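Here is the structure we will look at.
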Amino acid sequence: MNILRGHVEPILKDALNSIGVNDSNWTSMLSPSREHSQGDLSLPCFPFAKQLGKSPNDIAEELSNIIVPNVAIGKINAIGGYLNFKAEPKWLAKQLLSGKIRVGDAFGNKPHTGRQILIEHTSANPNGPFHVGRARNAILGDTLVRLHRLLGNEVRAEYYVDDMGKQVGVLAWALDNLSKQDVEDILQDKESLSTKWSDKADHTRVRWYQAAQKLRKDESKSEKIEQDIAKLVHASEHGDESVLQKFHDSFQPVLDGMLETLSRLGIEFNQFTNESMFVTNGDVAKLTETLSKLEIHGVADNGAEYLDLGARGMKGKTEFFFKRGDGSSLYATRDIAYHIWKWKQCDDLINILGEDHKLQSKQVGMTLQELGHKVPEVLFYSFIKLPEGKMSTRKGNVVFMDDLLEEAKEHASQIVRELRTKYSEQEVSHIGESVGRSAIRFNIIKVSPDKGFTFRWEEALAFEAGSAPFIMYSHTRALSIAKKCIDNGIDVDEISNKELDLDSIDSELPDSLIDLLRCMAIQNDALERSVMQCRPNLFANQVLNLATSFNGFYRDCKIFDDGNVNELYLQVSQLASQFLKTGMEGLGITPLERM
RNA sequence: GGGCGUGUAGCAUAGUUGGAUAAUGCGUCGGCCUCCUAAGCCGAAGAUCGCGGGUUCAAAUCCUGCUGCGCCCGCCA
């Protein structure tokens, strides 16, 4: 609890000095209390024991006797070698209700930190529909974008489009050379296209891609096809405008389909950058020239060039090739050019990548360093697999995001229909869509990115405690209270803005109200930590805790009772709904009026 | 073989810079709707934090060995 820290540190410093502790190592030891019931900030006194020749218990006890609580500190106690500080509830309430603690707003007016962050995420090759395996990147990336914005950073979300090379080459070749009938004949043993998505180009065109991939494995035909594709790829890598245009026309409808899916998940981009740009504008040529002059540069027998990163401490495979024998560039080379370009446009650079890109990313980072550039921050995530094993389009072992979204919406709508029989079908649909989308996102962000993730339908569609709908539900409860007050002729806005004299309240505040205050007071701490550590799950956890605290408050603190409004409770409830709302925006969960 | 990551109740996970009685959800068992939305709340049972060693006043957390799982080790992307 950082807002309390400022009030504790000065007096703690004096107290420690007076008993003979003069260094300042203790500031990092003062940390959020593990035992919530004991305090908000705690200082373990064990390290002082040897220095002072007293038991940790006695030291904590002594300190608690010396320190005189101030307005912010409610209670000080010494237990088991810990010195605990508890924020004074009414002080906490005043801080929060006076608006001194920024609630945060991901999309509206908020203080700017002035930092420009460029986050590149998703960047999936545009050759087929978005499946759940790819979704972890997009959802983590977009959540990070939102969290940075909530913190006040200026963020550009960027999609790097692979518009050249083999994958698009295959797609372009197939569209040029295969008829619809050819494709269906080739794929006759495969499941046919779901009629539901027959108008979506990512679903339709991927069949051409799959058909071509199958033909390429057929030995009688593959040689000619490989030659044709190689010709296209080669041309694209040398910046051939007409081939690049052909590629563009092939993949753009697919990309549009994928973006439609992403948009449904609440994911949008500020900019799309084509990989080919760095070939056509000469950046790659300049780069390879520079790399060729580096000290750690080497040349293979056939003229291919590499850097020996082993000379800079790289373990394992140390040769990093940036130029082929035929002189053309490689994906990683273009990625380096892309990074140099990106660095000119931001203060911080973050990439979201699958764990399979770790080596590649390390090579790019070390090369950037060798060239005197900064190394980007990278968030790696482990793959999503299905209970049946690895996700594979080839084996038909995939879950398409479009299908998951539909399923989640239908499932949510069904629940609404059962629970709220009076809602119109239009409202049911709106709630279903919002709940489905939010639940899918939350299901993925709440777990740590570096842990493996197994996609299970039951879990994706579980809308109970620990899910997005649970958070959404708490939020609508708060709105529904406010609505009830308004319906009873109470001016909620006026009460919300009123300055209450909390000191005139004689009684203690209820525990669950205090819990809620404490939870709100650490919201920004959690946000900062989540952003700093590049781990959205930390903030997801905070918002979940906030919703739980709100439910406790809701249970114990009656706001509108017997025609009377408890003004403090109403203010707290209104504030909590703001905290919940901005927290949800940060996570990409859609706040609803009612559900 | 080498490199990187990971292993926490039946299942899925959280756990801050090492710090108190390891937290949450699902599932199981038992309660709560004449009371602002029960997608909720309260309670119970359930853990050798993969295994061994080490560092430390203190280890799920740091170091080391072993082991299971994942990813990578292309002049592919």
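A quick note: this is a predicted structure, and the numbers were derived from the prediction, not measured. As a basis for the values below, the full set of heavy atoms in this structure was taken, side chains included, without hydrogen atoms, waters or symmetry mates. Chain A is the first sequence line, chain B the second, and so forth, proteins listed ahead of strands; every chain is numbered from 1.
Residue A:Tyr331 places no side-chain N or O under 4.0 Å from the OP1 or OP2 atom of B:A77. Residue A:Lys50 places at least one side-chain N or O under 4.0 Å from the OP1 or OP2 atom of B:C57.
The aromatic rings of A:Phe553 and A:Tyr569 sit perpendicular, their planes meeting at an angle over 60°, well past the 30° parallel limit.
The only member of A:Lys217, A:Lys231, A:Arg216 that meets salt bridge (charged side-chain N to carboxylate O under 4.0 Å, His left out) when paired with A:Glu226 is A:Arg216.
As a whole-Å value, the separation of A:Glu458 CD from B:U13 C1' is 15 Å. A:Asp356 places its CG atom 6 Å from the P atom of B:C72, with the value rounded to the nearest Å. Computed from coordinates, the A:Met29 CE to B:A58 C1' distance equals 11 Å when rounded to whole Å. As rounded to whole Å, 16 Å separates atom C1' of B:G70 from atom CG of A:Leu359. The distance from atom CZ of A:Phe550 to atom P of B:A39 is 15 Å, rounded to the nearest whole Å. Between the NZ atom of A:Lys451 and the P atom of B:C71 there is a distance of 18 Å, rounded to whole Å. When the P atom of B:C36 is taken as reference, atom CG of A:Leu568 falls 21 Å away, rounded to whole Å.
Taking atom P on both nucleotides, B:U21 is separated from B:G25 by 22 Å, rounded to a whole Å. Distance noted for atom P between B:U6 and B:C42: 33 Å (whole Å).
Relative to the side chain of A:Lys484, the nucleotides B:C36, B:G15, B:C73 differ in distance, and B:C36 lies closest.
Residue A:Phe321 and nucleotide B:G74 are not classified as a stacked aromatic pair, given the requirement of ring centres less than 5.5 Å apart at an interplanar angle below 30°.
Toward the 5′ end of RNA chain B lies the nearest nucleotide of A:Ser31, the other residue of the pair A:Ser31 and A:Arg555 mapping further downstream. Mapping A:Ser448 and A:Glu319 onto RNA chain B via the closest heavy atom, the residue that lands nearer the 5' end is A:Ser448.
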Close N/O contacts between protein and nucleotides 23-33 of chain B (under 3.5 Å):
residue	atom	partner	partner atom	Å
B:G25	O2'	A:Ala465	O	3.1

Pairing string of RNA chain B (Watson-Crick or G-U wobble, both atom distances under 3.5 Å; | = paired to other strand) is (((((((..((((.....[...)))).(((((.......))))).....(((((..]....))))))))))))....
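Backbone-only engagement by A:Lys317 is indicated by non-hydrogen atom pairs under 4.0 Å involving sugar-phosphate atoms exclusively. As judged by a 4.0 angstrom heavy-atom cut-off over every strand, A:Ser328 is placed among residues making no nucleic acid contact.
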